[in-house]
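Just so you know, these numbers use all the heavy atoms, side chains as well, and skip hydrogens, waters and symmetry mates. Just so it is clear: chains get the letters A, B, ... in the order the sequence lines come, proteins before strands, and each one is counted from 1.
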Amino acid sequence: MTQPIDKLPDAEILLADLAAQLKPVITADTALVGIHSGGVWMMERLLPLLEKNLGHPIEHGRLDVSFYRDDFGQRGLHQDTKPSQIPFEVEGRHIILIDDVFYTGRTIRAAMNELFDYGRPASISLAVLVNRGGRELPITPQYCAHEMQLPAARNLQLMQDAQGRFHFTLEESD
Amino acid sequence: MYNPQLTEDGKLRHLLSIEGLPKTIINQILDTAESFVGVAEREVKKVPLLRGKTVCNIFFENSTRTRTTFEIAAKRLSADVINLNVSTSSQSKGETILDTVDNLTAMHADMFVVRHAQSGAAHFIARHVQPHIHVINAGDGRHAHPTQGLLDVFTIRRYKPDLHNLRVALVGDVLHSRVARSEIHALTTLGVPEVRVIAPKTLLPEHVERLGVQVYHDMTAGLKDVDVVMMLRLQNERMAGAMLPSAQEYFKTFGLTQEKLARARPDAIVMHPGPMNRGIEIDSSVADGRQSVILPQVTYGIAVRMAVMSILAGNNG
């Protein structure tokens, strides 16, 4: 264990750390894609930080992977699906997927499958605030601000308050 | 109360009519359809949700357009699709509806899309099928055509998002229209405050006002200040009876022309479930005009049917 469970990391510090990791890798061919909902909130906060002094806007989009999840057969369709929006040409683009918490890797697999239905990217990498351990697929984040081990019975979630500030909550999973 | 459309825990199991559907489920279908609209604009217009599932379109009554849109919807969800025009196959050899359904079940069908000239046919099949099989009513007699009603509401919501502030008029053959019934139920359930029907007395069902609509018999008063004009198809075969004097006479009184449309709000939209009788219920200049959203209705119909199929397929106990 890298940290006791009762001490959750400060999500605002992690976001600044992640922005610093991403800043040097952004080029004209980079596009950011946030995964609903935490990843989209993060992307909206990261964009102004990463575009500062860059000289051009960064292409970006959002994915709701409900139609690509591998647990549809068990759990049915997610109640609250949001439209995916990829308003740029995926072909040849270096895409950075953005999500709040990396766990099993199944969401990222679904996101990659969905992206390929828009075109063939040059590369896909993954940026997350927290890697909580427990991956079940050969997928791992390239950019990660914090690592910790959590038991499967716990659900780490990014929350956003009315001022748009981030914090984590830890709940018993259903 | 037992509702054959819902599972024990209140999820959608079959889609048979909009009547009796909770507002939450109607909204879930419409919200999910929003997500499917974008899928059709991508390089690959398919999602893998129904991969490995078999959808059977059983059409006891012909309807090329409805069958095609269900087929496209199922294929965009990656399902395998079988089309049966039963009127031309085994029923003419004497097989019963339930035998047809049992045979398809033995072939491991997962979903039936049913069109039948008799009201209640889809309910009848839904009562009979095994628990893992889902039934969608694609039109039964004069009773219901729920996906058409849903796609119409979806279209309205896309152009006029504030449903609580709308005046909607349905014009034409309400009596024989299963679409009209489904639309009225959907609109009133979602809180549209004013739904009007405009039709000659001979084309209105008795006590139509009990559905919560205001009744008009002339276009001038009925179309005044409406936000949405929904034209209904005039069934040509009704002309043969004594219900209407002639097509020309009908067009003169109830056909939608630019002149009559000018009574509606300037930003009103014009809808039609198709197929249109140009020059009978609607003038070509209106059907092809700037206020017409008749072709977007067709496009959205696919997204709405994808939403219905994917929600049903996910609710397996």
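- Closest heavy-atom contact between B:Met271 and B:Ile156: SD-CG1, 3.6 Å.
- For the options A:Gly76, A:Gly119, A:Ser84, A:Pro83, heavy-atom pairs under 4.5 Å to chain B are most numerous at A:Pro83.
- Interface check for chain A: of the options B:Ser310, B:Pro48, B:Gly38, the most heavy-atom pairs under 4.5 Å are formed by B:Pro48.
- The backbone N or O of A:Arg75 sits nowhere less than 3.5 Å from a side-chain atom of A:Asp71 that would complete a donor-acceptor pair.
- Proximity of the aromatic rings of B:His123 and B:His143 is defined here by a centroid distance below 6.0 angstrom, and this criterion is met.
- For chain A, the nearby part of B:Lys46 is the backbone; its heavy atoms alone come within less than 4.5 Å.
- More than 12 heavy-atom neighbours from other residues, nucleotides or ligands sit within 6.0 angstrom of OH on B:Tyr159.
- Taking chain A as the reference chain and counting heavy-atom pairs below 4.5 Å, the highest number among B:Glu34, B:Arg42, B:Glu43 is found for B:Arg42.
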